[in-house]
There are 2 protein chains.
Amino acid sequence: MPASPPAIADDSSVRSDGAVGGPSFSPLYRQIKGLLITRLQAGEWRAGEAIPSEQELAARFGVSQGTVRKAVDELAADNLLVRRQGKGTFVATHAEEKIQYRFLRLTPDKGAEALGRQLLDCKRQRAPAWIAKLLQMRAGDPMVEVRRLLHSGGQPVVLDEIWLPGDLFKGLTAEKLNQHRGPFYGLFEAEFGVHMIRAEEKIRAVAADADSAGHLQVPLGTPLLSVERLSFTYGDKPVELRRGLYNTSNHFYRNELN
Amino acid sequence: MPASPPAIADDSSVRSDGAVGGPSFSPLYRQIKGLLITRLQAGEWRAGEAIPSEQELAARFGVSQGTVRKAVDELAADNLLVRRQGKGTFVATHAEEKIQYRFLRLTPDKGAEALGRQLLDCKRQRAPAWIAKLLQMRAGDPMVEVRRLLHSGGQPVVLDEIWLPGDLFKGLTAEKLNQHRGPFYGLFEAEFGVHMIRAEEKIRAVAADADSAGHLQVPLGTPLLSVERLSFTYGDKPVELRRGLYNTSNHFYRNELN
DNA sequence: GAGTGGTCTAGACCACGGC
DNA sequence: CCGTGGTCTAGACCACTCA
């Protein structure tokens, strides 16, 4: 194929012109990236599975391997895909990763104790307005509410409240959550096909109230880290709201700035 | 130049072999990247200035433009360089950026008030052991200590303590800090040639003590966000330690997870 | 040894910015 | 108009994994 202007042989309408009023230009590799995201979203390949080789994708889309490569490069940089030389390119997963809890930035001051989990509660309710708004639902829509504790070295460290859209997590029960090993996000992928690919957190310092002080075994009024997390799947669709209270007397929240 | 194995025509010894005991392999573009970092570190191009064009660098290093491109791509991803189509590639700077305070993650709950600064203190001291350790100095080495407040809408929001190696910041005085407009990091680049390119933060919730409560105008014991930041220049050399206490009643610390 | 991703090259053409 | 970075292609060869 000679160096013809961007045009994809597969499907979906794409443009290469700079027509007035539009996004004005989208390089080929971004269009390929978009197609791949669509496929991922549709569940064409499951979490942890390999996607087709670059050669095969190039043939399928009617572009050169280099163009597919650049699309895959970006998806790997976005943590949607994982490249493994000699083996292939795989759909990123929260399960079976060496780093458990990919989104949890809590670090112990010393040591590296594994975290223990204790489920407190799991019930279905109607979404209050403020949660519905963040999850882009309507107030009163069905919602799942989960409460749990994370322990480190026998001491409770994190009290989490988790809210999920009811229609996406239909069969979710306390039993399922208890049976499952590893992070919830692994379960969400395997059982409900929901991939968390990105999240935004808002962090504040707050004083422990009666409930949190009780669960975290600290005096009333103890300063705690409040971490409000909104997680997104493909297409920037919010699918989980979480509010964690962290006891930071022996742990800290680690962050890297670039 | 035919497709000969990696070998740089410019200078510096590089290897392409997989000899036992070494790092075993370093692609050409990474070696180029290393050379560019060396140049940046040496101050060959100042903050905000353009570096030579890709063609020129390719000629200088005796590699193809594509290889230089990949090196520059990584440096841009690391925020050491900024690409501007049609204009050139520039050395990243904390000054004259639209986003002031590149490393400050504090966000107001509503509005977007500009931050006011108030210098409290600037004195030269001898480094205590714990600071010296983090800054990779010896205890007792000369050190500059700065204290300042950040205001938002007339209210104090952040109390910062900043520690800098004395030998790197020789002429730093309260007067200089007060005269300067914009973030300290801009001044550090222009006056002392010190570029902050990366930082690590440890975040905790703490209770306001007498000093911080006074400066932030909150009751004693108010929960505050404690943000300890260690900043690095080229070569992962730590050059600034900072401890900020944030009043999070009307602001939050924003973070993005990928 | 076959198949995968990873590197390097060379050349053509496009988009953008400023003269 | 020219020079810059940005895209796309085609082909060669290298490094890694696994059967």
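By convention in this document, chain letters (A, B, ...) are assigned in the order of the sequence lines, proteins followed by strands, and residues within each chain are numbered from 1.
Remark: Arg105(B) engages no residue in a salt bridge (charged side-chain N to carboxylate O under 4.0 Å, His left out) (not counting sequence neighbours). With sequence neighbours excluded, the residues forming a side-chain contact (heavy atoms from CB on, under 4.5 Å) with Thr89(B) are Ile51(B), Val72(B), Leu81(B), Arg83(B), listed by chain and number. For Glu56(A), the salt bridge (charged side-chain N to carboxylate O under 4.0 Å, His left out) partners are Arg60(A), not counting sequence neighbours. With sequence neighbours left out, Glu228(A) forms a salt bridge (charged side-chain N to carboxylate O under 4.0 Å, His left out) with no residue at all.
The nearest whole Å value for the distance from the CG atom in Leu81(A) to the C1' atom in dG5(C) is 13 Å. Atom pair Asp73(A):CG and dG6(D):P shows a separation of 15 Å (rounding to whole Å applied). Rounding to whole angstrom units, CZ of residue Arg30(A) and P of dC8(D) are separated by 10 Å. Going from atom CD of Glu49(A) over to atom P of dT4(C) covers 16 Å, rounded to whole Å. Regarding Leu28(A), its CG atom lies at a distance of 12 Å from the P atom of dA10(D), rounded to whole Å.
Here ring pair (Phe, Tyr, Trp, His ring centres under 6.0 Å) pairs that include residues 77-100 of chain B, with residues two or more places apart or in two chains, are His94(B)-Phe103(B), His94(B)-Tyr185(B).
Relative ring orientation between Phe188(B) and Phe169(B) is described as perpendicular, the plane-to-plane angle rising above 60° on a 0-90° scale split at 30° and 60°.
Between Lys70(A) and the phosphate of dT7(D), there is a side-chain N or O to OP1/OP2 separation shorter than 4.0 Å. One finds no side-chain N or O of Thr67(B) lying less than 4.0 angstrom from the OP1 or OP2 phosphate oxygen of dT7(C).
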Between protein and nucleic acid, restricted to nucleotides 1-5 of chain D and to nitrogen or oxygen atoms under 3.5 Å apart, what atom pairs and distances do you find?
from, atom 1, to, atom 2, distance (Å)
dG3(D), N2, Gly86(B), O, 2.9
dT4(D), O2, Gly86(B), N, 3.3
dG5(D), OP1, Thr89(B), OG1, 3.4
dG5(D), OP2, Glu54(B), N, 3.0

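Closest to the side chain of Ser64(A), out of dA10(D), dT7(C), dT7(D), is dA10(D).
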